[in-house]
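A, B, ... follow the sequence lines: proteins, then strands. Residue 1 opens every chain.
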Amino acid sequence: MTLRLHDTLARSVREFVPVEQGRASIYVCGPTVQSAPHVGHMRSAIAFDILRRWLIASGYDVTLLRNVTDIDDKILHNAGHESVPWWALAARNTRAFTDGYDALNVLPPTGEPRATGHVPEMVELMQRLIDADHAYAAGGDVYFDVRSFADYGRLSGQRPDQMLSSEAPDEAGAKRDPLDFALWKGAKPGEPAWPTPWGAGRPGWHLECSAMATRYLGPSFDIHGGGLDLVFPHHENEVAQSVAAGDGFARYWLHNGMVNTSGEKMSKSLGNSLVVADVLERARPQAVRYLLGAPHYRSDLEWSEDGLAEADAAYGRIENFLSRAAEVAGPPPAAALPPEFVAALDDDLAVPRAIGAVHDAVRAGNSALAAGDKDAAATAYGEVAAMIDVLGLSPHDFTVGGGDATLRHVVDTLVPAMLATREAARQRKDFAEADRIRDALAAAGLVVEDTSSGARWRLA
RNA sequence: GGCGGGAUGGCCGAGUGGCUUAGGCAAGGGCCUGCAAAGCCCUGUACGCGGGUUCGAUUCCCGCUCCCGCCUCCA
């Protein structure tokens, strides 16, 4: 069984055959750093993080690029609104994204190119397009000639003749056709600009991704990913630019579904965004990652606070097993991934089924622990640990409980002392006293569990 | 108007032409426990509506209703 992935361009699930055997090159559209990251951004990052981890687990040498669009209309607009330099706003938001990825255990990309650092590559690509009569300079801008590219619309299933043009006729400016899109935007007074043979200006959104993807991954690479909302026009335009210029470009197009709130896609313009930093104030990162990563990556996801609580409980079940098993077996033994887990992820990353396999192993492990079957428990323990790692949900990968080391030491000392006092009370059948101590710990946010080998405790 | 996706039990969320009809959360019963907690076992409640194909459809086809995404900055 080999990996099969849903390709938006082919509109079907295809076997994954990389350009180069044993290697996988991935370009994921990262954010435009116009504002703080919301959970929708994280959902996309997590989806492709799981793809990456699965490729690594399958033996691939993976190169994953995730760009940062650090110059665009919204950034300039928001910076003006806040009276801060555009580059300062971009840098601040870029850091916020990095913090979000880190908190949710998204592996750092192999490279993280920024648009403003790749103007020469963009100029080169524009020159190739102009030379091939697929682009033209006009009125300080450079446009792609959509009618010159016969396959335009193939990725998104749109037909140029059917497309609405939102622009009023008088706004079309120097375009030859309303569908033509800007590769490069001529400088406006007071805006940042970079020199080009066609005049100073700044990058159009679509151009940068084509230029950066081929700069680092070559003219033909394996996977291009991003949110479903990018299929048109962004990815359609990328295909047009790169293929018209003679590059093979991406061989598989993967798109993740949207995160909705109360039936609507979340985005800053709707004013209902769920900023990651705020969510992490009221939920553990493990729960957030579980919630965003557990459904299939291609289905839409309805964000809800109830869902967050459920995710926390479901993850807690896995976590609980791991810590109980660790008390018996120490570090998890090496174990092969269960076949049903492998089959699930190979089938277009069917994470829901994969998580089903995780829970099956958890139940088997819990039963083994209850029966005192150490070997069976250890096997399940190793399997669960291995599976969870592929999903990026290993408890130890997350920063535990914040707090500083000193406070943790106090807790680690104080709690066992209280539990010893309680155990003494239980021995002399003073259950009132024992319950008083347990209640006190519960009030402090700790759960006490009595087991045959003594009491254990954890954060509620 | 054009393109695409979806409607599953109290909730989330998979999946399949019939078979033991995922998994989680919640609920009820049992075991365990001093009582709990954790864990294990058991239980119930499904496939939007109307047709069609079929021996048989939640699963395939047609129509309808509703929802969502894209067509404009957007993961």
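- Qualifying side-chain hydrogen bond (donor to acceptor under 3.5 Å, both in side chains) partners for Asp141(A), counting only residues two or more places apart in sequence or in other chains: Tyr143(A).
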Anything under 3.5 Å between a protein N or O and an N or O of nucleotides 11-15 of chain B, put it in a table, one pair a line.
residue : atom : partner   : partner atom : Å
C11(B)  : O2   : Glu310(A) : OE2          : 3.0
A14(B)  : OP1  : His296(A) : N            : 3.1
A14(B)  : OP1  : Ser299(A) : OG           : 3.0

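- Under the ring pair (Phe, Tyr, Trp, His ring centres under 6.0 Å) criterion, His206(A) pairs with Phe181(A), His234(A), not counting sequence neighbours.
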Could you pull out all donor-acceptor pairs under 3.5 Å where a side-chain atom in residues 348-364 of chain A meets a protein atom, sequence neighbours excluded?
residue   : atom : partner   : partner atom : Å
Asp348(A) : OD1  : His6(A)   : N            : 2.9
Asp348(A) : OD1  : Tyr297(A) : OH           : 2.7
Asp348(A) : OD2  : Arg298(A) : NE           : 3.0
Asp348(A) : OD2  : Arg298(A) : NH2          : 2.9
Arg353(A) : NH2  : Asp347(A) : OD2          : 2.5
His359(A) : NE2  : Tyr290(A) : OH           : 3.1

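- Going from atom CH2 of Trp194(A) over to atom OG1 of Thr116(A) covers 5.5 Å, rounded to the nearest 0.5 Å.
- Counting any heavy atom pair closer than 4.0 Å across all strands shown, Gly30(A) reaches sugar-phosphate atoms only and no base atom.
- With sequence neighbours excluded, the residues forming a ring pair (Phe, Tyr, Trp, His ring centres under 6.0 Å) with His41(A) are His38(A), Phe97(A), listed by chain and number.
- With sequence neighbours excluded, the residues forming a side-chain hydrogen bond (donor to acceptor under 3.5 Å, both in side chains) with Glu449(A) are Arg456(A), Arg458(A), listed by chain and number.
- Nucleic acid contact for Arg298(A): none, since no nucleic acid atom lies under 4.0 Å from a heavy atom of the residue.
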Can you give me the N/O atom pairs linking the protein to nucleotides 42-44 of chain B at distances under 3.5 Å, or say none if there are none?
none

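- Taking a 4.0 Å limit (strictly below) on heavy-atom distances, residues 358-387 of chain A reaches RNA chain B at His359(A), Asp360(A), Arg363(A), Asn366(A), Ser367(A).
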So which protein nitrogen or oxygen atoms get under 3.5 Å of nucleotides 28-31 of chain B's nitrogens or oxygens?
none

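- Across all strands shown, Arg428(A) has no heavy atoms under 4.0 Å from either base or sugar-phosphate atoms.
- Here Tyr315(A) pairs with nothing under the ring pair (Phe, Tyr, Trp, His ring centres under 6.0 Å) rule; sequence neighbours left out.
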Notebook entry, point to check: Using Watson-Crick and G-U wobble pairs whose two distances are both under 3.5 Å, how do you write the pairing of RNA chain B as dot-bracket, with | for links to another strand?
Noted result: (((((((..(((.....[....))).(((((.......)))))....(((((..]....))))))))))))....
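- Contact annotation for Arg456(A): no contact, since no heavy-atom pair falls under 4.0 Å across all strands.
- The side chain of His38(A) lies closest to A75(B) when the candidates are A75(B), C73(B), A38(B).
- Contact check on Asp72(A) versus Lys185(A) returns no salt bridge, with no Lys/Arg side-chain nitrogen under 4.0 Å from an Asp/Glu carboxylate oxygen.
- Comparing C35(B), A38(B), G69(B) by their closest approach to the side chain of Asp435(A) singles out C35(B).
- OP1 or OP2 of C40(B) lies within a sub-4.0 Å distance of a side-chain N or O belonging to Arg317(A).
- Within a heavy-atom distance below 4.0 Å of RNA chain B, the residues of residues 436-454 of chain A found are Arg438(A), Val447(A), Val448(A), Glu449(A), Asp450(A).
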